[in-house]
Amino acid sequence: MSPDAPILFFDSGVGGLSVVAPGRALLPFAPIVYAADNAGFPYGTKSEAEIAARVPALLGRLVERYRPRLAVIACNTASTIALPVVRAALDIPVVGTVPAIKPAALASKTRVIGVLGTDATVRQPYVDRLSAEFARDCVVIRHGSAALVTLAEARLRGETVDIAGVRDAIAPMFEGGGARIDTIVLACTHFPLLGEELAVACPQSVAFVDGGDGIARRIAHLTQGQDWPAVVKSGRSVFTRLDDGVEALTPALRTYGLGDIAAL
C-alpha cells in the first residue's frame, strides 16, 4: 500500500464533508479524494433503482482512477440502497453511512426519537431493521426533507440560511407524538452542516446524533498499521459536473483541506 493512496469519500453533494471533518481530525495525514455526484444531485428524491445503478458505476470509475485504499459512501441514501452492491463490485474496503439509531435510543430519556433524513432514506427497510434491533422500546418518528439538503448546499456556498425555512422543513416531525422527541438522528450527512440552524429552529430542546465520529473510528480501524505521507497534503475534490455552483463552494472546500478541484 503506497502512503499516497487516498481515502475516497463519496456523496451526491457536499454533505459528505460532515464525515470528512472527523476523519481528518482522527487521521490528519491521510490523503483525501472527495467525490460529489452533483450532476445526479439530489439523491433523496430519486428512485431506489436509479441510485442502485448510478452509485456503483460512479464508484467503479473513481476507484479505477484514484486507486484509494478505502472508500466511504458518505451518504445515508446511497448507503442504505447501494452499499451491498458496491461492496460486491469493489476489491477494497467500503464503509457505509447508516442512521445512528442505536446511540440515539441509548441517549433518549423520553423514549421518543426522530429520524430526520431524505425521503428515500427514511422509507428504507434498513431503517425498519435498525429500529427493531436497537430502538424496540422507543417510538421512532421519521421525517424526510429535500428542502434541508438544498439549504445545506446553499450554506456551504456562502449563502444565508433562512431559519424560517428550516423551521418549516422540520415542523411536521414535532406534530402529535413528536412533541415528546428528545433526540434526533441526523440521517443525512448534509444535516450536520445545518446544526446551528436546526438547534434554533426546533420547537423544543433536543439532542442531535449523527454517524460522523463513528465512521471516522471505523476508517481508523480499517487502516490501522498502514503508512501515511510524512506531511499533510491538500486533498482533491472531484465533481461529476463543473459549474458556477462548484466555484462558489471553493472557499468552503478549502476549509476542509480540499484545495484541488477536478471533473470526473
task: Using atom types as modelled and distance alone, determine if a side-chain donor or acceptor of T240 lies under 3.5 Å from a backbone N or O of N38.
output: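 Side chain of T240 to backbone of N38: a pair is present.
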
query: Which distance, rounded to the nearest 0.5 Å, do you find between the NE2 of H143 and the CD1 of I184?
result: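 Between atom NE2 of H143 and atom CD1 of I184 there are 10.0 Å.
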
message: Using the side chain to side chain contact (heavy atoms under 4.5 Å, CB included) criterion, which residues pair with V86? Sequence neighbours excluded.
response: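 Applying side chain to side chain contact (heavy atoms under 4.5 Å, CB included) to V86 gives V55, P56, L59, I73, A82, L90, V94.
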
query: Can you list the steps and then say if I81 with Y126 is a side-chain contact (heavy atoms from CB on, under 4.5 Å)?
result: CA-CA 9 Å; I81 295 171; Y126 196 98; over 6 Å; no

query: Only one of I170, I141, V122 clears side chain to side chain contact (heavy atoms under 4.5 Å, CB included) with L116; which?
result: I170

- request: Please step through side-chain contact (heavy atoms from CB on, under 4.5 Å) for the pair V238 and Y66, ending with a clear verdict.
  value: CA-CA 11 Å; V238 183; Y66 294 104; 3.3 Å; yes

- request: Would you mind listing every side chain to side chain donor-acceptor pair (under 3.5 Å) that reaches into residues 187-200, with sequence neighbours excluded?
  value: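 Side chain to side chain donor-acceptor pair (under 3.5 Å) check on residues 187-200 returns E153-H190, R155-E197.
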
query: Taking all non-hydrogen atoms of both residues, which atom of G16 and which atom of Y34 are closest, and how far apart?
result: N-OH, 3.0 Å

query: Going hydrophobic residue to hydrophobic residue with side-chain gaps under 4.5 angstrom, can you get from L83 over to L130?
result: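 Different clusters: L83 never reaches L130 through Ile, Leu, Val, Met, Phe, Trp or Tyr contacts under 4.5 Å.
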
- prompt: So which heavy atom on P103 is nearest to which on V209, and how close?
  reply: CG-CG1, 3.9 Å

Extract all donor-acceptor atom pairs below 3.5 Å that involve side chains of residues 172-179 and protein atoms in other chains or at least two apart in sequence.
none

message: Quick one: does any side-chain atom of R167 pair with a main-chain N or O of C202 as donor and acceptor, under 3.5 Å?
response: no

query: To the nearest 0.5 Å, how far apart are CG in D119 and OG1 in T45?
result: 8.0 Å

task: Return the set of residues passing side chain to side chain contact (heavy atoms under 4.5 Å, CB included) with E159 (not counting sequence neighbours), or none when no residue passes.
output: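 E159 satisfies side chain to side chain contact (heavy atoms under 4.5 Å, CB included) with A154, R157 once adjacent residues are dropped.
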
- prompt: Partners of D168 by side-chain hydrogen bond (donor to acceptor under 3.5 Å, both in side chains), sequence neighbours excluded?
  reply: none

task: I would like to know whether L194 and F208 meet side-chain contact (heavy atoms from CB on, under 4.5 Å); could you show each step before the answer?
output: CA-CA 11 Å; L194 291 172; F208 296 105; over 6 Å; no

query: Taking C-beta and beyond as the side chain, do Q204 and I181 meet within less than 4.5 Å on heavy atoms?
result: yes

message: I'd like to check T183 versus V185 (side-chain heavy atoms, cut-off strictly below 4.5 Å). Are they in contact?
response: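 A side-chain contact under 4.5 Å is absent here.
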
message: Could you check whether any side-chain N or O of Q124 sits under 3.5 Å from a backbone N or O of A120, counting only pairs where one atom can act as donor and the other as acceptor?
response: yes

S131: side-chain hydrogen bond (donor to acceptor under 3.5 Å, both in side chains) partners, not counting sequence neighbours: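 side-chain hydrogen bond (donor to acceptor under 3.5 Å, both in side chains) check on S131 returns nothing, list empty.
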
task: Taking the side chain as every heavy atom from C-beta outward, state whether L8 and V72 have any pair of such atoms under 4.5 Å apart.
output: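 Of all side-chain heavy-atom pairs linking V72 with L8, none is under 4.5 Å.
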
message: In the structure I gave you, are the side-chain heavy atoms of V161 and V166 within less than 4.5 Å of one another anywhere?
response: yes

task: Ignoring hydrogens and angles, tell me if any N or O in the side chain of S237 forms a donor-acceptor pair with the backbone of I261 under 3.5 Å.
output: no

field: Distance-only polar pair, side chains of T121 and N76, donor-acceptor under 3.5 Å
entry: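 The answer is no; no qualifying pair exists.
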
message: Does any part of the side chain of C138, heavy atoms only, come nearer than 4.5 Å to the side chain of T110, both counted from C-beta?
response: no

- request: Could you state whether V63 and L58 fall into the same hydrophobic cluster, counting links through intermediate Ile, Leu, Val, Met, Phe, Trp or Tyr residues with side-chain heavy atoms under 4.5 angstrom apart?
  value: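 V63 and L58: one cluster.
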
Of all pairs that satisfy side chain to side chain donor-acceptor pair (under 3.5 Å), the ones with a partner from residues 92-109, not counting sequence neighbours: S108-D182

query: Is V206 linked to F191 within one hydrophobic cluster, defined over Ile, Leu, Val, Met, Phe, Trp and Tyr using a side-chain heavy-atom separation of less than 4.5 Å?
result: yes

field: For E133, side-chain hydrogen bond (donor to acceptor under 3.5 Å, both in side chains) partners two or more places apart
entry: none

message: Working to the nearest 0.5 angstrom, can you tell me the gap between S79 OG and Y43 OH?
response: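 If I round to the nearest 0.5 Å, the distance is 11.0 Å.
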
message: Counting neighbours of CG on D137 that are heavy atoms of other residues, nucleotides or ligands and sit closer than 6.0 Å, is the number greater than 12?
response: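 Count over threshold, so yes.
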
query: What do the steps show when you test E247 against T250 for side-chain hydrogen bond (donor to acceptor under 3.5 Å, both in side chains), and what is the final call?
result: CA-CA 5 Å; E247 185 176 350; T250 301; over 6 Å; no

task: Give a yes or no on whether the backbone of V33 and the side-chain of R236 come within a donor-acceptor separation of less than 3.5 Å.
output: no

- request: Could you tell me which residues satisfy side-chain hydrogen bond (donor to acceptor under 3.5 Å, both in side chains) with R54, sequence neighbours excluded, listed by chain and number?
  value: D37

message: Taking P3's backbone N and O only, do any of them form a donor-acceptor pair with R69's side chain (distance below 3.5 Å, no angle check)?
response: yes

Pairwise side-chain contact, P6 with P68, heavy-atom cut-off 4.5 Å (strictly under):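 Sidechains of P68 and P6: in contact.
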
Candidate pair L27 and W228, rule side-chain contact (heavy atoms from CB on, under 4.5 Å), full reasoning: CA-CA 9 Å; L27 298 168; W228 303 103; 4.3 Å; yes

- prompt: Any donor-acceptor pair under 3.5 Å linking the side chain of R180 with the backbone of V112?
  reply: no

- prompt: If you look at every heavy atom in A220 and L26, which pair is closest and at what distance?
  reply: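 Heavy-atom minimum between the residues: CB-CD2, 3.7 Å.
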
field: Spacing of CG belonging to L151 relative to CG belonging to L198, to within rounding of 0.5 Å
entry: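 Taking CG in L151 and CG in L198, the distance rounds to 9.5 Å.
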
message: So, using salt bridge (Lys or Arg N to Asp or Glu O under 4.0 Å) as the criterion, who are the partners of R123 when residues are at least two apart?
response: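 Expected list: E48.
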
message: If hydrophobic clusters are built by linking Ile, Leu, Val, Met, Phe, Trp and Tyr wherever their side-chain heavy atoms come under 4.5 Å apart, do F10 and V85 end up in the same one?
response: no

- prompt: For the residue pair Y256 and L17, what are the closest heavy atoms and their distance?
  reply: CE2-O, 3.3 Å

task: For V140 and A135, work out which heavy atoms get closest and say how close.
output: CG2-CB, 4.0 Å

query: Are I32 and R24 close enough that some pair of their side-chain heavy atoms sits under 4.5 Å apart?
result: yes

- request: For R61, check salt bridge (Lys or Arg N to Asp or Glu O under 4.0 Å) against everything at least two apart and list the hits.
  value: none

field: Least distance between heavy atoms, G13 atom then A36 atom
entry: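 Shortest heavy-atom separation between G13 and A36 comes out as O-CB, 3.5 Å.
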
message: Applying salt bridge (charged side-chain N to carboxylate O under 4.0 Å, His left out) as the test, list every pair that has at least one member in residues 248-264; sequence neighbours left out.
response: none

message: If the threshold is 4.0 Å, N to carboxylate O, is there a salt bridge linking D4 and K233?
response: yes

message: In the structure I gave you, are the side-chain heavy atoms of F41 and V14 within less than 4.5 Å of one another anywhere?
response: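 No, too far: nothing below the 4.5 Å cut-off.
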
query: Would a hydrophobic clustering, with Ile, Leu, Val, Met, Phe, Trp and Tyr connected at side-chain separations under 4.5 Å, put V19 with F239?
result: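 Both belong to a single hydrophobic cluster.
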
task: Output yes when a side-chain donor or acceptor of T223 lies under 3.5 Å from a complementary backbone atom of Q226, and no otherwise.
output: no

